[in-house]
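Per chain, numbering begins at 1; letters A, B, ... match sequence-line order.
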2 protein chains.
Amino acid sequence: MSKYARILNNIKRYVSLTVEEEEITSIITSSRIKKKQYIIQPGFVCRNRTYIVEGAFRVFYLDEDGKEHTVSIGVEDWFVTDFFSYINQTPALNYAEALEDSHIFQMPYEDIEPLCKEIHALSEYFRITTEKAFAFSRRRVISNISMTAEQRYDDYTEKYPHIVKRVPQYVLASYLGMSQEFLSKIRKRKMHKS
Amino acid sequence: MSKYARILNNIKRYVSLTVEEEEITSIITSSRIKKKQYIIQPGFVCRNRTYIVEGAFRVFYLDEDGKEHTVSIGVEDWFVTDFFSYINQTPALNYAEALEDSHIFQMPYEDIEPLCKEIHALSEYFRITTEKAFAFSRRRVISNISMTAEQRYDDYTEKYPHIVKRVPQYVLASYLGMSQEFLSKIRKRKMHKS
DNA sequence: AGCAGTTCAAGTATTTTTCTTAAACCACTT
DNA sequence: AAGTGGTTTAAGAAAAATACTTGAACTGCT
């Protein structure tokens, strides 16, 4: 079984692969990232699509006041990317930080592009997964403007209980768009009710 | 007073500068690095000479057994570089890790080279500081082969007491070429004697 | 045999990170 | 004017991670 079985299986959930496997794996590099390390930093171009084999990451930006806003959280079998930086190959504005010791696969932009031209299935894979991610982020925007903090928390907890359990509370708060303290209060309220 | 006063003053300890100051500072970028972050990683080219304005770094490599060997430790007014990678502009084999939250100035290889051709004083500065660093590393090699672990510890403690106080013991042990446990025992022995 | 040193494993101490709580405050609704 | 939904600041507690110590068993050398 290939070292890259995990990502190949993921690809095969969306498209079917035959002889292309080797071509695809030839552009992948595998690495291990320790908790707290950044794989993307403001000022540097995001050169890779990064697939999480094991572990968890978040993408966040630091506003002028030094406050962190978590843009996305990803665990196994998700991609972490600063999409704007990646697509335009311009310097990133965000950080991508490992929330746990993690194992990742990376594929560089300059290799993916020609390969997608060549391999239809690969192109399809990225199209579909990107569309999903985009749709997801759209819904998040909506939920942010139309719901109260508590509703956002409930909503997210219901849909992603495993993620809620896994990430530090301040990360979750900055993802859900509220202060850490307020999230702490929401949780306390719930405990007393139940 | 310039934002870059600290490095300019350091340069002026070795050579005299007149009008060149601005040209030099124009290639410097300033950044803040949090404890535990790497500024150099295996596989990536070390593009910069990094001057420590405030904080501390170490350079280490990870052997096949996963053991860390600290190659150098630097504090304020020292440079941290993977020299082999920097000079040849080839991928590094070492990590450079912040041991504290730090403030650094960086000058890229591709800017330094032409500037050294142009500004004699700058060339002199790098020549002298590099020679010092080289001589230092030579002596270290000698001390490593000719002294016992305890002698190396005594020697280093005498010369750099401020560094000994500042870095974690396991870093010092991996720098002095002994196990952490053994260093702990050496220290214990000393305590009882004195 | 004995010294200089290592590895492994378990336990403790210390530091850092994360979470909680309270108080004072702001902006909207009602 | 008062209640709701939220923020900020600051201090303290709890939890987790890191760093250090210790002992035992072992290696290689003289």
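Rounded to whole angstrom, the span from the CG atom of B/D101 across to the C1' atom of C/dT16 amounts to 11 Å. Rounded to a whole Å, the CD atom of B/Q37 is 16 Å from the P atom of C/dT16. Remark: C1' of D/dG6 and CD of A/Q151 are 14 Å apart, rounded to the nearest angstrom. Atom CG of A/L183 is separated from atom C1' of C/dT18 by 12 Å (rounded to the nearest Å). Following rounding to the nearest Å, B/R189 (CZ) and C/dG5 (P) show an atom-to-atom distance of 8 Å. Remark: C1' of C/dG5 and CZ of B/F182 are 5 Å apart, rounded to the nearest angstrom. Rounding to whole angstrom units, CD of residue B/E181 and P of D/dC26 are separated by 17 Å. Atom CD of B/E150 and atom P of C/dC3 are 14 Å apart (whole Å).
Side-chain contact check for B/E131 and B/T129: no donor-acceptor pair (N or O, by modelled atom type) lies under 3.5 Å. When only modelled atom types and interatomic distance are considered, B/T50 and B/Q106 share a side-chain donor-acceptor pair under 3.5 Å. In this model, no donor atom of one side chain and acceptor atom of the other lie less than 3.5 Å apart for A/E68 and A/T70.
If you check every strand for non-hydrogen atoms under 4.0 Å, A/T148 touches sugar and phosphate atoms only. Backbone-only engagement by A/Y170 is indicated by non-hydrogen atom pairs under 4.0 Å involving sugar-phosphate atoms exclusively. A/K35 comes within contact range of the sugar-phosphate backbone alone, with a heavy-atom separation under 4.0 Å but no base atom that close.
Using the six-membered ring where Trp is involved, B/Y160 and B/F136 have ring planes that are perpendicular, over 60° apart on the 30 and 60° scheme.
Distances shorter than 4.0 Å separate none of the side-chain N or O atoms of B/S179 from OP1 or OP2 on C/dT7. Between C/dC19 and A/S184, no contact under 4.0 Å exists linking OP1 or OP2 to a side-chain N or O. Between A/K188 and the phosphate of C/dT21, there is a side-chain N or O to OP1/OP2 separation shorter than 4.0 Å. An OP1 or OP2 oxygen of D/dT21 is reached within less than 4.0 angstrom by a side-chain nitrogen or oxygen of B/Q169. Remark: B/K185 is not in phosphate contact with C/dG5, judged by side-chain N or O atoms under 4.0 Å from OP1 or OP2.
Nearest to the side chain of A/K67, among D/dT8, D/dT7, D/dT22, sits D/dT8.
Both A/M147 and B/Q180 lie close to DNA chain D; mapped to their nearest nucleotides by heavy-atom distance, the more 5′-ward contact belongs to A/M147.
Using a 4.0 Å cut-off between charged side-chain N and carboxylate O, A/R32 and A/D101 make no salt bridge.
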